[in-house]
Amino acid sequence: MTISSKKINREETVSNFNREDWISAYRNVDKEISNLELKVTRGEVPKSLCGTFYRNGPGQLERGGQFVHHPFDGDGMIASMQFANGKVTFSNRFIRTEAWLEEEKANKFLYRGVFGTQKPGGQIANAFDLRLKNIANTNIIKLGDELLALWEAASPYSLNLKTLRTNGISDLNGVLKKGEAFSAHPRFDPGHNGEAKMVTFGVKTGPKSVLRLMEFANEGKASGHLLSDRKDSFNGFAFLHDFAITPNWAIFLQNAITFNPIPFLLGKKGAAQCLTSNIQSNGKFWLIPRDSGCFSGKAPLIFDAPKGFVFHHLNAFEKDQEIILESIFYEDFPSIEPGEDFRQINFEEIPEGILKRCSINPNKGQFELEVLSNQCCEFAMVNPNNQGLSARFSWMATAERKSGNGPLQSIKKLDLHDGEEHYWSAAPRGFVNEPLMVPNPHSTIEDDGWIVVLTWNGERVGTDLVILKAKDLSEQAVIELPIAIPYGLHGSWVAN
């Protein structure tokens, strides 16, 4: 595994990756471990790094000899890495959802997957089975005394903070109705309007979609209590994974997308495969006033957004009379069609994610668009203390190559003011997941802290925990995990 910490050299050649190394991560997690102290393979764990790194993602990708059609259909598995006094303790658990328990007993898929996984028996066995399997595989957060495993099409599963034992579905003390959708991508307000909050949403889709915006206390004895709750209706089918916040606004970018449910009803496709991106049409900005902000109680603002498809936003902030929104844009919605094998995808045929900035004038309903980085990227974040405020630095997972699409093999730090870049690379045989920026609790300097990230090591066919210095991405420590974990989705850091 080649490791580097450097400023970008724009004349670097494109690196080739070994497909077998990349594919080798797609496997089932084979065991569960409790409170195992890990040995540091290289470097030292910073003693100031104290807290727990929780990470969620698909851990069950095959049953009874059948692979999922898309890795996003895999059942959720939580990994916990607790940092204290320069040591790391590891635990992991599958989330005991109702469907996971049923399928574990049957040793076969009993439910259809949203991204195309079918039950055995062909189209006849799948037709008109409209049940959604809550796989709880997308994110993991702490709210109040609960650890919540999130999957945005259903309610969260509650886990024990220390043991990771599954408690069951949580209605958040009566906030959610049975089966109500709860976003897998909340935003954490560090205290814009006096107190720290978790801001999140749920969507009920249809020809007219209803969006529920909720804010919860996120500190002190009131942590986990619902503070504000509003519902707004919007025209069209809403496909929303992420959003952004500022002190006054919750900002959504509704992609220009249509949904034809007939192939799903007939058992031919998964629900997500029935989405069609209208690449020649503009999306829509939905700007919803936050109850704690200056425009509380006012109606949402709705106007055109740029063309393209957005899964994730980096950050948003207010500047003079504008709202600045930084997002990762794709030219089209990437999908794995029936008959395709996700392990054999051609990266050259799939649009890459490009980081762009929208400067929105809400008074005129207009925007200006600029590119921040042309390099394929995903999973971008800023220092959590700058969430919703102007941030100079961002950290993200990128392709090793500087243009075009490719698997995520590097971590990049990008200066959003002058474009300076630093890299840490796992290439040629390594691949990266979502990086988390953990601020140094003893410092107010924006890029003082650490990056924690799980990487796939194709050489040893296993997972490594990597710790980098946030300022320059110099390597601090590498720890080989005792289990192999497939590529995951989102995670969180809970400080001690």
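Keep in mind the model is a prediction, meaning the values are calculated, not measured.
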Visitor: What is the distance from atom CH2 of Trp456 to atom CG of Leu481, rounded to the nearest 0.5 Å?
Guide: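 Taking CH2 in Trp456 and CG in Leu481, the distance rounds to 10.5 Å.
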Visitor: Applying ring-ring contact (aromatic ring centres under 6.0 Å, His included), which residue pairs with at least one partner in residues 193-215 are found, sequence neighbours left out?
Guide: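 Of all non-adjacent pairs touching residues 193-215, those that pass ring-ring contact (aromatic ring centres under 6.0 Å, His included) are Phe201-Phe243, Phe201-Phe252.
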Visitor: Using modelled atom types and a 3.5 Å cut-off, is there a donor and acceptor pairing between side-chain atoms of Thr166 and backbone atoms of Gly168?
Guide: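 Answer holds: no.
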Visitor: Taking the six-membered ring of Phe393 as reference, does the cationic atom of Lys413 (NZ for Lys, CZ for Arg) lie under 6.0 Å from its centre and within 45° of its axis?
Guide: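 Flagged: Lys413 positioned over aromatic ring of Phe393.
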Visitor: Answer yes or no: is there a donor N or O on one side and an acceptor on the other, between the side chain of Arg401 and the main chain of Asn405, under 3.5 Å?
Guide: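 Pair found, side chain donor or acceptor close to backbone of Asn405.
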Visitor: How about Ser443 and Asn440: does a side-chain donor come under 3.5 Å of a side-chain acceptor?
Guide: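 No pair is found: no donor N or O on one side chain lies under 3.5 Å from an acceptor on the other.
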Visitor: Under the side-chain hydrogen bond (donor to acceptor under 3.5 Å, both in side chains) rule, what do Ser281 and Asn278 come out as? Steps first, then yes or no, please.
Guide: CA-CA 6 Å; Ser281 300; Asn278 302 318; 5.0 Å; no
Visitor: Any donor and acceptor pair, going by atom type alone, linking the side chain of Asn386 with main-chain N or O of Ser390 inside 3.5 Å?
Guide: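 Judged by distance alone, yes, a pair lies under 3.5 Å.
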Visitor: Kindly say whether Phe431 contributes a backbone atom to a donor-acceptor pair with the side chain of Gln409 at under 3.5 angstrom?
Guide: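 Flag not set: sc Gln409 to bb Phe431 has no pair under 3.5 Å.
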Visitor: Scan side-chain atoms only and decide if Ser373 and Lys412 contain a donor-acceptor pair under the 3.5 Å cut-off.
Guide: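 The answer is yes; a qualifying pair exists.
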Visitor: Sort out for me which residue in Val40, Leu36, Thr41 forms a side-chain contact (heavy atoms from CB on, under 4.5 Å) with Leu38.
Guide: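 Filter result, single survivor: Leu36.
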Visitor: For residues 218-227, pull every pair meeting side-chain hydrogen bond (donor to acceptor under 3.5 Å, both in side chains), keeping only residues two or more places apart or in separate chains.
Guide: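 Matches after skipping sequence neighbours: none remain.
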Visitor: Is a side-chain donor-acceptor pair under 3.5 Å present for Tyr487 with Glu434?
Guide: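 Absent: no donor and acceptor within the cut-off.
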Visitor: Checking Ile328 against Ile354 for the side chain to side chain contact (heavy atoms under 4.5 Å, CB included) test, could you report, in this order, the C-alpha distance in whole Å, the side-chain angles of both residues, the deciding distance, and whether it holds?
Guide: CA-CA 5 Å; Ile328 299 171; Ile354 300 298; over 6 Å; no
Visitor: Scan side-chain atoms only and decide if Glu318 and Thr246 contain a donor-acceptor pair under the 3.5 Å cut-off.
Guide: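 Yes, Thr246 and Glu318 have a side-chain donor paired with an acceptor closer than 3.5 Å.
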Visitor: When rounded to the nearest 0.5 angstrom, what distance separates CE in Met198 from CZ in Phe216?
Guide: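 Going from CE on Met198 over to CZ on Phe216, the span is 5.0 Å.
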Visitor: Step through it carefully: locate the ring centre of Phe239, locate the ring centre of Phe259, and say whether they are under 6.0 Å apart.
Guide: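 Ring centroids of Phe239 and Phe259 are no less than 6.0 Å from each other.
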Visitor: Are side-chain N/O atoms of His185 and Glu152 paired as donor and acceptor at under 3.5 Å?
Guide: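 No, Glu152 and His185 have no side-chain donor paired with an acceptor closer than 3.5 Å.
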Visitor: Show me the side-chain donor-acceptor pairs of residues 294-308 shorter than 3.5 Å, one per line, residues at least two apart or across chains.
Guide:
from: Ser296; atom 1: OG; to: Asp291; atom 2: O; distance (Å): 3.2
from: Asp304; atom 1: OD1; to: Lys284; atom 2: NZ; distance (Å): 2.7
from: Lys307; atom 1: NZ; to: Asn282; atom 2: OD1; distance (Å): 3.3

Visitor: Kindly state each residue pair satisfying side-chain hydrogen bond (donor to acceptor under 3.5 Å, both in side chains) with at least one member in residues 194-205, sequence neighbours excluded.
Guide: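 Passing the test, one end in residues 194-205: no pairs.
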Visitor: May I ask you to decide if Met214's main-chain N or O and Asp229's side chain share a donor-acceptor pair within less than 3.5 Å?
Guide: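 Flag not set: sc Asp229 to bb Met214 has no pair under 3.5 Å.
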Visitor: Does the pair Glu180 and Ser155 meet the rule for a side-chain hydrogen bond (donor to acceptor under 3.5 Å, both in side chains), with working shown?
Guide: CA-CA 6 Å; Glu180 184 176 354; Ser155 298; over 6 Å; no
Visitor: Output all residues satisfying ring-ring contact (aromatic ring centres under 6.0 Å, His included) with Phe53, sequence neighbours left out; order by chain, then residue number.
Guide: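 Not a single residue meets the ring-ring contact (aromatic ring centres under 6.0 Å, His included) criterion with Phe53.
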Visitor: Taking only residues at least two apart or on different chains, which pairs with a member in residues 45-60 satisfy salt bridge (charged side-chain N to carboxylate O under 4.0 Å, His left out)?
Guide: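 Every candidate salt bridge (charged side-chain N to carboxylate O under 4.0 Å, His left out) pair involving residues 45-60 fails, so no pair, neighbours aside, qualifies.
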Visitor: Using the salt bridge (charged side-chain N to carboxylate O under 4.0 Å, His left out) rule, collect all pairs that involve residues 353-372, keeping only residues at least two apart or in two chains.
Guide: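 Residue pairs passing salt bridge (charged side-chain N to carboxylate O under 4.0 Å, His left out), neighbours aside: Glu326-Arg357, Arg357-Glu370.
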Visitor: List the steps, then state whether salt bridge (charged side-chain N to carboxylate O under 4.0 Å, His left out) holds for Lys133 with Asp73.
Guide: CA-CA 9 Å; Lys133 174 186 175 184; Asp73 282 339; over 6 Å; no
Visitor: So how far is it from Asn56 CG to Tyr54 OH, rounded to the nearest 0.5 Å?
Guide: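 Rounded to the nearest 0.5 Å, the CG-OH separation comes to 12.5 Å.
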Visitor: Of all residues at least two apart in sequence or in a different chain, which pass the ring-ring contact (aromatic ring centres under 6.0 Å, His included) check with Phe115?
Guide: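 ring-ring contact (aromatic ring centres under 6.0 Å, His included) check on Phe115 returns His70, Phe72.
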Visitor: If you look at every heavy atom in Ile479 and Val45, which pair is closest and at what distance?
Guide: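 Closest heavy-atom pair between Ile479 and Val45: CD1-CG2, 3.9 Å.
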Visitor: Under a 3.5 Å threshold, yes or no: a donor from one side chain and an acceptor from the other, between His490 and Asn139?
Guide: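 Distance-only check fails for His490 and Asn139.
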Visitor: Please enumerate all residues that pass salt bridge (charged side-chain N to carboxylate O under 4.0 Å, His left out) together with Asp332, with sequence neighbours excluded.
Guide: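 None.
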Visitor: Which residue pairs pass the side-chain hydrogen bond (donor to acceptor under 3.5 Å, both in side chains) test when at least one of the two sits in residues 140-150, sequence neighbours left out?
Guide: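 The answer is Glu146-Ser158, Glu146-Ser170.
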Visitor: For residues 86-95, run the donor-acceptor check on the side chains, cut-off 3.5 Å, and write out each pair with its distance to 0.1 Å, sequence neighbours left out.
Guide:
from: Ser91; atom 1: OG; to: Asn35; atom 2: N; distance (Å): 2.8
from: Ser91; atom 1: OG; to: Asn35; atom 2: OD1; distance (Å): 3.4
from: Asn92; atom 1: OD1; to: Ile33; atom 2: N; distance (Å): 2.8
from: Asn92; atom 1: ND2; to: Lys31; atom 2: O; distance (Å): 3.0
from: Arg93; atom 1: NH1; to: Ile33; atom 2: O; distance (Å): 3.3
from: Arg93; atom 1: NH1; to: Ser34; atom 2: OG; distance (Å): 3.3
from: Arg93; atom 1: NH2; to: Ser34; atom 2: OG; distance (Å): 2.4

Visitor: Mind checking ring-ring contact (aromatic ring centres under 6.0 Å, His included) for Trp450 and listing every partner two or more places apart, or none if nothing turns up?
Guide: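 With sequence neighbours excluded, Trp450 shows a ring-ring contact (aromatic ring centres under 6.0 Å, His included) to no residue whatsoever.
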